[in-house]
Amino acid sequence: MTDTINIRSDSYKKPKLRKIGVFTSGGDAPGMNAAIRAVTRTALANKLKVIGIRRGYQGMIEGDFMPLRSSDVSGIIQLGGTILKTARSKEFRTPEGRQKAWLQLQNAGIDAVVVIGGDGSFTGALTMSQEYNISFIGIPGTIDNDMYGTDYTIGYETALNSVVCAVDKIRDTAVSHGRIFIVEVMGREAGLLALNSGIACGAEVILIPESKEQHEALKRFLEKGYKSRERSGIIIVAEGDEPGGALKISEEVRRDHPELDVRVSILGHIQRGGSPTANDRINATRMGVAAIDALLDDQKSIMIGLDNGKIVQVPLNKAVKLNHSFNGELLQIQKLLNI
Ligand code: ATP
């Protein structure tokens with residue numbers, strides 16, 4: 001990975017700030033609470049006051065703030081969702097909305113903000129930091145794992161395991177009834193969740209936006225593979241693969257192969273919730289500590305990332321503008337194994 005800066009991780013530093021805000025934004029992701037806890041306790045250990053901003057940017061605009069003490073983040077590391085709640089705010093996309101948010105931050109005496117969310121949330125932070133003198137540090141929290149500059153985003157691993165668990169169960173029915181299941185997984189424009197879950201479940205075909213070749217693989221499987229195997233199959237479709245997702249694919253399959261018993265399963269929000277895996281908790285904790293480290297080092301407009309297991313700082317403008325690199329190796333493996 002390029003364009004990253006290694007940071008030092010010494011522990012206790014003399015504070016230059018007085019009060020920080022922390023909030024979650026965009027879709028919730030398991031592990032966000034672990035990040036809130038780490039941010040809060042690291043800030044408190046460095047004699048900073050901490051304000052939790054509820055309901056993302058909308059809460060910032062409305063001044064929906066709550067002081068966070070160490071006890072407020074006790075017993076949350078194992079919880080999915082976010083204790084600060086999250087939201088999508090249309091108003092924050094306007095200069096007037098951001099001005100309201102800025103006034104609320106000023107009134108509350110907040111000097112810097114840690115934002116836990118995805119690229120939309122970071123774009124909002126970047127825009128506001130260019131308009132007003134306020135530091136934002138981003139922690140990538142999204143099940144999509146689609147951020148440039150980090151190998152990992154909080155919640156991805158938990159979501160991946162949830163998908164694998166669900167598809168394993170669906171496989172039992174597919175095999176027992178000799179059916180083809182078309183399973184749609186989340187990920188918006190990114191196919192990483194679909195690709196990795198498909199590999200982990202031994203899916204016969206994986207359809208992702210990053211590779212159109214797989215549509216040919218689907219045709220081949222339906223024409224030959226289905227009969228030569230166990231007469232059942234799992235086709236994983238990333239929600240962003242094409243408009244209509246799994247339902248559209250199922251219409252095409254039924255039209256071309258009326259003889260097949262085809263079912264659709266859209267996993268939906270089951271993928272977003274649940275208790276975070278150990279790795280999601282550990283990485284969220286490391287990122288939360290690193291975010292406060294960065295603020296104490298006078299950093300501004302950066303995202304905390306993980307590069308080969310190491311904490312790195314990535315400029316926010318790169319994190320939001322550049323695409324997450326797509327590793328084609330897993331797709332090659334998928335092709336090789338599905339002979
Ligand atoms: P996820 O990947 O889980 O969807 P996200 O952070 O990408 O998370 P978005 O809904 O895209 O989620 O963005 C969250 C919020 O960030 C939006 O509701 C909006 O308030 C703010 N935001 C997004 N894009 C912009 C923008 N271009 N300018 C200002 N604010 C923005």
Side-chain angles (χ1 to χ4, degrees), residues 21-33 35-36 53-64 80-82 84-102 104-105 113-132 134 136-150 152-160 162-163 185-194 209 238-240 267-274 276 280 284 287 291 301-305 314 316-324:
V22 57
F23 71 106
T24 47
S25 172
D28 64 304
M32 281 182 160
N33 283 323
I36 294 168
I53 301 166
R54 288 159 47 90
R55 297 184 293 114
Y57 287 116
Q58 196 54 38
M60 193 186 282
I61 288 170
E62 294 169 17
D64 190 357
T82 157
L84 291 176
K85 303 196 183 295
T86 183
R88 303 197 199 262
S89 169
K90 278 193 186 148
E91 199 179 353
F92 190 80
R93 290 173 182 270
T94 66
E96 295 76 21
R98 292 192 293 276
Q99 189 184 34
K100 282 188 202 165
W102 162 246
Q104 294 285 8
L105 293 179
V113 185
V114 176
V115 47
I116 306 164
D119 63 344
S121 304
F122 293 171
T123 304
L126 192 63
T127 309
M128 190 165 170
S129 69
Q130 284 159 354
E131 293 168 341
Y132 301 98
I134 182 110
F136 277 93
I137 304 292
I139 296 180
T142 163
I143 65 163
D144 303 341
N145 204 16
D146 58 349
M147 297 293 309
Y148 171 86
T150 185
Y152 159 89
T153 60
I154 295 172
Y156 170 69
E157 196 192 74
T158 306
L160 182 58
S162 296
V163 173
V185 308
M186 283 183 167
R188 300 213 290 190
E189 288 82 27
L192 216 63
L193 191 57
E239 66 180 344
L267 295 186
H269 286 83
I270 196 171
Q271 299 161 87
R272 283 258 284 270
D280 269 333
M287 288 178 161
S301 302
I302 55 138
M303 177 190 82
I304 302 298
V314 184
L316 265 189
N317 59 353
K318 290 203 164 122
V320 299
K321 287 205 184 97
L322 300 175
N323 290 327
H324 184 95

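Every number for a ligand or one of its atoms is a count from 1 in the order of the listing.
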J.: Of the non-hydrogen atoms in G27 and R272, which two are nearest, and what is the gap between them?
T.: CA-NH2, 3.4 Å

J.: Ignoring hydrogens and geometry, is there a side-chain-to-backbone donor-acceptor pair from T82 to D28 under 3.5 Å?
T.: no

J.: Purely on distance, is any nitrogen or oxygen of K90 under 3.5 Å from one on ligand 1?
T.: no

J.: Which of the numbered atoms in ligand 1 are below 4.0 angstrom from a heavy atom of D144?
T.: 2 (O)

J.: Looking at non-hydrogen atoms alone, which of R98, R93, E189, M186 comes nearest to atom 24 (N) of ligand 1?
T.: R93

J.: Suppose I only count heavy atoms of S25 and a 4.0 Å limit; which atoms of ligand 1 are within that range?
T.: 14 (C), 15 (C)

J.: Which option out of P95, G26, G124, S89 puts a heavy atom nearest to atom 19 (C) of ligand 1?
T.: S89

J.: Can you tell which part of D119 has a heavy atom less than 4.0 Å from ligand 1: side chain, backbone, both or neither?
T.: both

J.: Any heavy-atom pair between the side chains of M128 and F92 that's under 4.5 Å?
T.: yes

J.: When you measure from atom 4 (O) of ligand 1 to each heavy atom in M128, R188, M60, R272, which option holds the nearest one?
T.: R188

J.: Identify the heavy atoms of I302 and I304 that sit nearest to each other, and give their distance.
T.: CD1-CD1, 4.0 Å

J.: Taking distance alone, with N or O pairs closer than 3.5 Å, would you say T123 contacts ligand 1?
T.: no

J.: Does any N or O in the side chain of R55 come within less than 3.5 Å of the main-chain N or O of L84, such that one atom is a donor and the other an acceptor?
T.: no

J.: I want to know whether Y57 and F23 have ring centres closer than 6.0 Å.
T.: yes

J.: Examine R88 against ligand 1 and note whether any of their N/O atoms are separated by less than 3.5 Å.
T.: yes

J.: Is the backbone N or O of L193 less than 3.5 Å from a side-chain atom of D144, with the two atoms forming a donor-acceptor pair by type?
T.: no

J.: I need the contact type for D146 against ligand 1. Using non-hydrogen atoms and a strict under-4.0 Å cut-off, is it side chain, backbone, both or neither?
T.: neither

J.: Walk me through whether K318 and M303 qualify under side-chain contact (heavy atoms from CB on, under 4.5 Å).
T.: CA-CA 9 Å; K318 290 203 164 122; M303 177 190 82; over 6 Å; no

J.: List the closest protein heavy-atom neighbour of atom 2 (O) of ligand 1: residue, atom name, distance to the nearest 0.1 Å.
T.: T142 OG1, 3.3 Å

J.: Under 3.5 Å between some N or O of ligand 1 and some N or O of G120?
T.: yes

J.: Do V115 and F122 have side-chain heavy atoms sitting under 4.5 Å apart?
T.: yes

J.: So which protein heavy atom does atom 6 (O) of ligand 1 come closest to, and at what separation?
T.: S121 OG, 2.5 Å

J.: Considering all heavy atoms of both residues, which atom of G155 and which atom of I143 are nearest to each other, and what is their separation?
T.: O-CG2, 3.7 Å

J.: Run the contact test for E91 against ligand 1 with a 4.0 Å cut-off on heavy atoms, strictly below, and give the result.
T.: no

J.: Whether the side chain of T94 engages the backbone of G97 through a donor-acceptor N/O pair (distance < 3.5 Å, no angle test) should be reported.
T.: yes

J.: Which residue and non-hydrogen atom of the protein lie closest to atom 3 (O) of ligand 1, and at what distance in Å?
T.: G27 N, 3.1 Å

J.: Can you confirm, on distance only, whether ligand 1 has an N/O atom lying under 3.5 Å from any N/O atom belonging to G118?
T.: yes

J.: Judging by distance only, is a nitrogen or oxygen of Y57 under 3.5 angstrom from one on ligand 1?
T.: no

